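For reference, the structure discussed in these notes is given below.
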Amino acid sequence: MAQLMLHREVLKNFGRLPAKVQKKIYELIRKFEEDSTQSGIHLEKIDMARDSKVRSARVGDDYRAIVIAPDRGDIFLLTYVDHHDEAYRWVKNKQFEAHGSLGTLQIFDVEEAGIAVAEDTHGIPDAGIPYPLDSLNDEDLFLAGVPRALIPAVRAVRNDRAFEQLAEYLPPEASQVLYGVVMGMSLDRSLEEMLGDTDAGAARPEGPGDFSHLAEITNMNLVLIEGEEHLREILSEDIEEWRIFLHPYQRKLVEWDTKGPMKIYGAAGTGKTVALMHRAVWLAEQLETEKDQILFTTFTTNLSVTIRSLLEKLSPKFHKRIEVTNLHQLARTICFRCGWRGRIAENSDLEDIWDQVLNQTRKKDSEFDQDVIKSEFDLIIDPMGIDNEEAYLTTVRTGQPRMSRKQRKKLWRVFADFQRQLAKRNLLTFEGIIHQARLAVEQKQFQGFRHVLVDELQDFGLEALKLISALSPIKEELTNPLCVAGDGHQRIYNAVPIPLNRAGIEVRGRSRRLKINYRTSEQIRRWAHSILHGIEVDDLDGEKADITGDRSVFRGPEPKIITCDNKEDAGKAVLNWVQGLIKSGFGTHEICITPGMPKIINTIESAGIQTFELKPRKKDPGRDDQGIRYGTKKRIKGLEFRAIALVLAEEQKFSESIERFSNYVAATRARENLLVVNVK
Ligand SMILES: Nc1ncnc2c1ncn2[C@@H]1O[C@H](COP(=O)(O)OP(=O)(O)OP(=O)(O)O)[C@@H](O)[C@H]1O
């Protein structure tokens, strides 16, 4: 029976096609299901097409669908739909081949690729300087995923610029593997690191026109249509690509059966949250008993709100088995269910208690500065859940000034007094509630989860790590107990990195890095990383993080960096930028200003442009509620926009590393367009 696979390209453009054409495409796909002999489907051979497998189907007076008919097997590929002339132009020189080594379907244009390299090598004498790709012979290039017809184009590459140009025309898997080699990896390592070697043992095609295996392998860009309902779901207006097409490396992490906890890390936009969500659903589908539940937790509230609604869409059937909540809400729920009826201390409560406690201390001893005492409490005692003298005396105080045992003994009395005062008033600090929750879970007053998944791990402190460890069945040695994901470049709440193994979470051998950036253009990705130049970033487990091989799937304009003398000028510059974007078709909800400086927001509003403040715990309503978004840099964490204006006041300019991290986070929320405004 003939089957049809749909290419990502069709999905991207489907919403823009006239309703009549959309209907015809549904009909075409239905015919494939009904009539396996294809006699009912009028597929016309396109003689002018270079590839003899190309067919066209009429889907409206002036619209054509491009279908690729296999030389072998009965899987057809619907690859493109457009006006007659555009569709023919698109397909004319393209070749559609199953790659003999990787097995993936590849679409390429030999002529375009050749021209791209020639443009960048033209007139540059080959000075005999070796280029990293020289280490690969033709057979290696083929194993790297390069179609045989494109090997000469790759051979012509002599510099990074030419490689960048050519990469646009190579099948994505080939350009990713070659990029790994350009960055210094061996071919084998690059295949493993960039693609995950997911289909190593899977069937391979007998020739470039053999598509019979395509439904069995991990496809970056193709999806098999499995019935009418599936089709409707895929083509529905609000479908996002990530729900259907996973990168092979993401797929590997989603379905990785592990005996212990695992870790996914990677820079901003590399698809960690997407992998976690798919993994949560994959685990939910396999739950054995009704009472088993999955926990999915994040650090920020906004991200958990977003994830909850995305999971509902990803799996209408299984999302109810997945409890999504942010860390503090989780801790509060646990404490509440275990009988705690107090409240979280407000700043004013804490100030009152400090006044009282420090007054006493001053009377007895003036050795310590008050700020030193408070900072020791905020950075060490509270986040590490220290509640007795012995624990304090033996704790490792990374990054803190040295303190003798005698001094610590003295200070402990102050902290013990502070904790007594909190307890007397039935108050807990933000950190304290996590500590109490952890104790309750460890003492079995609260039942754990069958699987635990954690996002934004970089912001979890030691107590929080111990809490998630206790909530997961690591000790029971059940499979897939815990999967954590995070990025040390985005540590904006917790200045001191805490390696997972300090909380007893052992991920050695089960830690993998995602590298392909789906959110941000390559230009914005590079600029954002330049902010962090010189800062050593960790991999969440005590080692140095590395971004070798990181790459975005698309390119865009360079970020625009401007300097303004004052806030008025900054307001005018941002307004100008906003007006330009609106004129070029950006929706107001796709543009965000961070932070939302009142002067700038007023300037936008005075020009008659609606604005929209991003609020905590509220999902961004998207196109349903127009207005230029604005909010603090912390507020936009976990969100993303087509365009971002990042406003930097003089005093914040990349001084503290935490400030640089938060600028990195803000910049990497932009997909296509980034404006950076330095205000003097
Ligand atoms: N396989 C995919 N296909 C298409 N888009 C994808 C894919 N994976 C991720 N994306 C998109 O890339 C963007 C970033 O993904 P995601 O939020 O999962 O990355 P992240 O690594 O968690 O980012 P951050 O750490 O910056 O929050 C999202 O818009 C997501 O929809």
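What you see is a predicted model; the values in this text were computed from it and never measured. Counting starts at 1 for both ligands and their atoms, following the listed order. We number each residue from 1, following the sequence as shown.
- Taking CZ of R551 as the reference point, atom OG of S175 lies at 5.5 Å (rounded to 0.5 Å).
- Here the protein heavy atom with the shortest distance to atom 31 (O) of ligand 1 is W242 CD1, 3.1 Å.
- With a 6.0 Å cutoff to the six-membered ring centre and a 45° limit on the axis angle, R232 counts as a cation-pi contact of Y26.
- One option in K272, E240, R8 has a heavy atom closer to atom 20 (P) of ligand 1 than any other, and that option is K272.
- Contact check for T270 versus I516: no side-chain heavy atoms found under the 4.5 Å cut-off.
- Atom 23 (O) of ligand 1 has its closest protein heavy atom at G269 N, 3.0 Å.
- Here the straight-line distance linking atom CZ of R642 with atom CD of E672 works out to 4.0 Å at 0.5 Å rounding.
- Below 4.0 Å from some heavy atom of F245 lie the following atoms of ligand 1, by number and element: 1 (N), 2 (C), 3 (N).
- Residues F661 and H489 keep their aromatic ring centres 6.0 Å or farther apart.
- When only non-hydrogen protein atoms are considered, atom 10 (N) of ligand 1 lies nearest to Y518 CB, 3.4 Å.
- Ionic pairing of R243 and E240 is present here: one or more N-O contacts between side-chain nitrogen and carboxylate oxygen are shorter than 4.0 angstrom.
- In summary, the atoms of ligand 1 found under 4.0 Å from a heavy atom of Q490, numbered by their order in the structure, are 24 (P), 25 (O), 26 (O).
- Side-chain rings of Y169 and F108 stay apart, their centers remaining 6.0 Å or farther from each other.
- Near Q250, with a cut-off below 4.0 Å to any heavy atom, the atoms of ligand 1 are 1 (N), 2 (C), 8 (N), 9 (C).
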Name each donor-acceptor pair under 3.5 Å that joins a side chain in residues 624-631 to protein atoms two or more places apart or in another chain, with its distance.
unit_1 : atom_1 : unit_2 : atom_2 : d
Q626   : OE1    : T588   : N      : 3.3
Q626   : OE1    : T588   : OG1    : 2.5
Q626   : NE2    : H589   : ND1    : 3.2
Q626   : NE2    : R623   : O      : 3.3
R629   : NE     : D620   : OD1    : 3.3
R629   : NE     : D620   : OD2    : 3.4
R629   : NH1    : D625   : O      : 2.8
R629   : NH1    : G627   : O      : 2.8
R629   : NH2    : D620   : OD1    : 2.7
R629   : NH2    : G622   : O      : 3.2
R629   : NH2    : D625   : O      : 2.9

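- The closest approach between any non-hydrogen atom of L246 and ligand 1 is below 4.0 Å.
- Residue T668 places no heavy atom under 4.0 Å from ligand 1.
- Near H247, the atoms of ligand 1 lying under 4.0 angstrom from a non-hydrogen atom of the residue are 1 (N).
- Taking only nitrogen or oxygen atoms, main chain and side chain alike, T270 reaches within less than 3.5 Å of ligand 1.
- N480 has its side chain within reach of L283: a pair of non-hydrogen atoms, C-beta onward, lies under 4.5 Å apart.
- Remark: Y80 engages W90 in a ring-ring contact (aromatic ring centres under 6.0 Å, His included) (not counting sequence neighbours).
- Short contacts between ligand 1 and E640, defined as distances under 4.0 Å to a heavy atom of the residue, involve ligand atoms 13 (C), 28 (C), 29 (O).
- When every heavy atom of A545 is checked against every heavy atom of D538, the shortest pair comes out as CB-O, 3.5 Å.
- For atom 17 (O) of ligand 1, the closest heavy atom belonging to the protein is R519 NH2, 3.3 Å.
- Listed by number with element, the atoms of ligand 1 under 4.0 Å from a non-hydrogen atom of V274 are 8 (N), 9 (C), 18 (O), 30 (C).
- Looking from atom 19 (O) of ligand 1 to the surrounding protein, the closest heavy atom is G271 N, 3.0 Å.
- Looking only at heavy atoms of the protein, atom 22 (O) of ligand 1 is closest to T273 OG1, 2.7 Å.
- Polar contact check, R669 against ligand 1: a nitrogen or oxygen pair lies under 3.5 Å apart.
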